[in-house]
Amino acid sequence: MNLEQVIDDVRSGMIPARVYSDPELFELERRRVFGRAWLFLAHESEIREPGDYVVRRIVDDSFIIVRDEDGRVRVLFNMCLHRGMQVCRSELGNTSHFRCPYHAWTYKNSGELIGVPFHRDAYGGEDGLRRSGMGLLPAPRVETYAGLIFASLDDDAPELADYLGGFRFYLDFYLRQSAEGSELHGPQRFRVKANWKIGAENFAGDTYHTPHTHASVVEINLFSAPKAAKRKEGALYFADRGGGTSYKLATNAGMRANLRSIGYPDEMIDRMQESWDRGHRSLVGQAGFMPSAATVLPNLSFVHNWPIVDDTGRVTPFVSLRLWQPVSATETEVLSWFAVDRAAPDWYKAASYKAYLMCFGSSGMFEQDDVENWASITQMAKGQMAERLNLNSRMGLRHDGGTVSEAIDWPAPGRAFVGFGEYNQRELLNLWCALLERDDDAPGDNGSHPRSRAAAID
Amino acid sequence: MAASADDRTLLPYGGEIYNAVLDFLYREAEILDERRHDEWLAMLTDDIRYLVPVRVTSAHSLADSALRDMAHFDEDLYSLRKRVERFATEHAWAEDPPSRTRRHVTNVRCYEGDSDADVVTRSNLLLFRSRGDIHDHDLLSATRTDALRREGGRLKLARRTVLLDESVLRTQNLAVFL
């Protein structure tokens with residue numbers, strides 16, 4: 001694999017098929033993408049009380065995400081300082097301490113080492129092993145936004161707020177529908193034989209697949225909006241590290257009318273009026289665009305849809321978050337959460353949960369058909385012929401480099417186009433290229449990541 | 001919920017009720033393997049609740065290993081009917097071409113019912129699923145607790161709770177009924 005050539009091709013919108021299957025490239029992604037980007041690990045609502053924890057991964061690295069006794073969120077590398085055993089092996093719970101199964105080194109839920117068996121006999125006490133100041137290795141960087149806990153393995157990563165940039169506006173749309181914020185439920189976890197980028201690209205901007213891939217859900221009247229004519233009226237926006245799709249609702253109808261039309265009850269709309277800023281009101285109420293799917297670089301996606309949830313024809317929206325957690329170049333673990341505003345009434349939470357289960361996640365009627373495509377792409381990309389094929393991802397671009405349509409007036413951060421086009425997928429992969437081509441390896445400055453890696457790959 | 005088998009009286013193996021339940025479960029497995037989904041819907045009561053909670057790896061005991069607030073399926077007749085209607089379209093790609101499935105039902109025990117059900121059953125399920133000509137097959141292992149009710153002289157499924165044995169499903173979707 002010639003990395004420079006791959007990057008040139010991707011930037012021209014012609015994607016070498018092997019980027020979806022190449023193990024060498026995946027090794028590079030592991031360090032340069034997942035070793036540098038801000039990565040979503042958990043939501044604060046999953047660890048509400050002191051001692052609450054979940055265990056999540058960044059590729060191969062296991063972390064405990066825990067609220068310590070002082071209420072502070074910690075992200076701790078789940079490897080014992082002594083012999084390297086995985087300290088916490090359940091995936092969620094509540095505890096004041098983590099005790100390694102091997103020799104019982106014991107850590108407070110802040111990560112601090114407080115227990116070493118036979119400390120005096122075995123180590124000569126503090127003279128041989130000074131416990132104070134020792135603790136489970138923290139993730140190099142941890143920051144939160146809208147309850148989302150992100151970590152970066154790169155000490156030099158930009159501030160999270162700067163990294164997300166304008167995309168924070170859209171996170172507020174999904175997760176700040178009231179001052180109380182959201183609660184997450186789940187995740188469902190399932191493994192798919194697909195490269196992690198395919199889902200990320202799809203959620204970032206693929207409105208073009210909806211009319212065909214998801215024809216079945218329209219035919220059974222679960223959802224009327226994905227019809228081709230509807231989808232191409234939506235705007236595709238991109239702001240800094242993320243972008244997404246939207247559906248077109250009525251222009252100048254006002255935020256209340258448009259939110260009502262997709263099933264939000266008035267009391268929730270009242271809270272959105274208070275929680276959101278003028279940009280949201282203008283986007284939803286005047287311009288009439290309703291955010292739907294989205295992706296933040298590299299592998300966190302969102303979806304917002306509004307199916308018919310019962311025989312009376314009631315339409316109810318839902319929000320889902322999903323992480324495309326790479327297992328290898330050709331396999332991904334999907335973690336899919338249901339998100340709902342904490343202040344929402346119970347009946348709404350129940351109906352929205354039902355809407356989510358019918359549409360997305362392990363059994364979702366949208367998601368089932370998506371995964372069938374993505375696994376097939378990955379399988380096809382493994383072969384020799386795929387090495388000769390650059391996939392056409394130039395929708396919306398003319399040969400002269402101009403765009404098929406002009407960017408529209410957009411009352412929110414970033415730029416937006418109306419109509420079909422792979423603008424967002426290209427933006428996302430261009431950001432991916434920028435991470436991949438930086439050869440100032442690597443995170444940390446201990447010299448453990450040899451620069452020769454890039455040369456070896458070439 | 002009526003579906004727990006705990007503390008109930010075990011009904012005799014080979015008895016009339018036991019045989020009727022066995023017939024129900026075997027017939028259901030065959031109907032699902034043969035993708036006769038409309039016939040399957042007819043085996044459900046109108047107030048069916050079909051629940052497949054998410055399993056997690058929990059410390060010390062299995063008691064907390066099923067999430068209470070997240071499931072793979074949490075269905076009523078409306079949502080099950082929609083899923084079946086979808087299979088009948090020509091665009092349900094997840095099962096088109098269809099998987100070849102085989103449901104192996106074992107360890108069947110029957111317990112006395114209650115006001116909500118005539119009989120409660122426990123059974124184990126091993127579902128083999130093969131798609132296309134490249135992918136490895138999927139295996140889903142689970143135990144099921146069902147509540148069956150007699151309606152119009154026939155047993156129907158009123159409640160089902162499926163406890164899967166995986167926390168991370170090694171199958172790309174649940175476009176199959178368990």
Side-chain angles (χ1 to χ4, degrees), chain A residues 54-55 88-95 183-194 212-222 307-312 327 333-338 349-350 353-358 361-365 367-376 379, chain B residues 46 50-62 64-65 67-97 99 131-136 138 140 164 166-178:
Chain A
V54 294
V55 171
C88 179
R89 293 167 305 145
S90 58
E91 72 184 83
L92 79 177
N94 181 286
T95 188
E183 58 189 38
L184 263 62
H185 299 273
Q188 300 163 325
R189 300 172 62 193
F190 51 106
R191 283 194 177 197
V192 302
K193 296 270 173 47
H212 188 61
T213 293
H214 301 306
S216 68
V217 294
V218 177
E219 287 171 34
I220 62 170
N221 293 315
L222 184 67
I308 296 165
V309 295
D310 62 27
D311 277 320
T312 70
V327 174
E333 181 182 325
V334 185
L335 292 91
S336 179
W337 289 263
F338 164 62
K349 289 181 180 178
Y353 173 56
K354 185 177 178 189
Y356 161 71
L357 286 182
M358 282 196 291
S362 47
S363 72
M365 286 185 264
E367 189 130 24
Q368 288 178 11
D369 291 334
D370 283 326
V371 172
E372 185 76 5
N373 292 335
W374 304 344
S376 173
Q379 176 63 34
Chain B
D46 288 346
Y50 180 94
L51 178 69
V52 184
V54 166
R55 298 292 298 279
V56 294
T57 304
S58 54
H60 311 310
S61 116
L62 290 174
D64 296 325
S65 69
L67 292 184
R68 289 183 192 87
D69 64 339
M70 179 53 66
H72 295 291
F73 284 105
D74 192 346
E75 309 293 300
D76 58 14
L77 192 59
Y78 169 81
S79 60
L80 289 173
R81 200 173 347 101
K82 285 293 169 197
R83 292 175 187 280
V84 167
E85 283 175 29
R86 199 181 88 82
F87 288 138
T89 72
E90 293 181 357
H91 305 101
W93 312 115
E95 275 295 316
D96 186 6
S99 303
R131 283 189 65 58
D133 52 6
I134 292 174
H135 295 293
D136 295 339
D138 296 335
L140 285 163
L164 287 161
E166 285 178 312
S167 60
V168 183
L169 301 184
R170 256 64 170 184
T171 187
Q172 66 182 21
N173 58 45
L174 287 174
V176 288
F177 297 113
L178 301 161

>> To the closest 0.5 Å, what do you measure between OG (A:Ser336) and NE2 (B:His72)?
In response: 10.5 Å
> What closest approach, in Å, do B:Leu67 and A:Gly186 show between heavy atoms, and which atom pair accounts for it?
Replying inline: CD1-O, 4.1 Å
>> Please classify the contact of A:Val334 with chain B as side chain, backbone, both or neither, using a heavy-atom distance under 4.5 Å.
In response: neither
>> Counting heavy-atom pairs closer than 4.5 Å to chain B, which one of A:Val371, A:Val309, A:Leu92, A:Ile220 comes out on top?
In response: A:Ile220
>> I need the B:His91 NE2 to A:His214 NE2 distance, nearest 0.5 Å.
In response: 13.0 Å
>> For the interface with chain B, which of A:Glu367, A:Met358, A:Arg89 has the highest count of heavy-atom pairs at distances below 4.5 Å?
In response: A:Met358
> Checking heavy atoms, do the side chain of A:Gln379, its backbone, both or neither come under 4.5 Å from chain B?
Replying inline: side chain
>> Please identify, among B:Thr57, B:Val54, B:Asn173, the residue contributing the most non-hydrogen atom pairs under 4.5 Å to chain A.
In response: B:Thr57
> Among B:His60, B:Arg83, B:Arg81, B:Glu85, which has the most heavy-atom pairs under 4.5 Å with chain A?
Replying inline: B:Arg83
> Relative to chain A, which segment of B:Ser58 carries a heavy atom at a distance below 4.5 Å: side chain, backbone, both, or neither?
Replying inline: backbone
>> Please rank A:Val55, A:Thr95, A:Asp311 by heavy-atom pairs under 4.5 Å with chain B and give me the top one.
In response: A:Asp311
> Under a 4.5 Å heavy-atom cutoff, which of B:Asp64, B:Thr171, B:Val52, B:Leu77 has the most pairs with chain A?
Replying inline: B:Thr171
>> Among residues at least two apart in sequence or on other chains, which ones pass side chain to side chain donor-acceptor pair (under 3.5 Å) with B:Ser167?
In response: none
> Does any N or O in the side chain of B:Trp93 come within less than 3.5 Å of the main-chain N or O of A:Asn373, such that one atom is a donor and the other an acceptor?
Replying inline: no
> By side chain to side chain donor-acceptor pair (under 3.5 Å), which residues pair with B:Ser65, not counting sequence neighbours?
Replying inline: B:Arg55
>> Under a 4.5 Å cutoff for heavy-atom pairs, which residue among A:Leu335, A:Thr213, A:Asp310 has the most contacts with chain B?
In response: A:Asp310
> Between CD of A:Glu333 and CG of B:Leu169, what distance do you get to the nearest 0.5 Å?
Replying inline: 10.0 Å
> Under 3.5 Å, is there a donor-acceptor pair between the side chain of B:Arg131 and the main chain of A:Glu372?
Replying inline: no
> Taking A:Gly361, A:Ser90, A:Ala215 one by one, which has the highest count of heavy-atom pairs under 4.5 Å against chain B?
Replying inline: A:Ser90
> Rounded to the nearest 0.5 Å, what separation is found between the OH atom of B:Tyr78 and the CG atom of A:Leu222?
Replying inline: 5.5 Å
> Between CD of B:Gln172 and CG of A:Asp370, what distance do you get to the nearest 0.5 Å?
Replying inline: 11.0 Å
> Between CZ of B:Arg170 and NZ of A:Lys193, what distance do you get to the nearest 0.5 Å?
Replying inline: 9.5 Å
> Backbone N or O of B:Arg86 within a donor-acceptor pair of the A:Glu219 side chain at under 3.5 Å?
Replying inline: no
>> Looking only at heavy atoms and a cut-off of under 4.5 Å, which of B:Val176, B:Thr89, B:Asp96 has the most pairs with chain A?
In response: B:Thr89
> Out of B:Ala59, B:Ala71, B:Gly132, which one racks up the most heavy-atom pairs below 4.5 Å with chain A?
Replying inline: B:Ala71
>> Counting only non-hydrogen atoms closer than 4.5 Å, does B:Glu166 touch chain A with its backbone (N, CA, C, O), its side chain (CB onward), both, or neither?
In response: neither
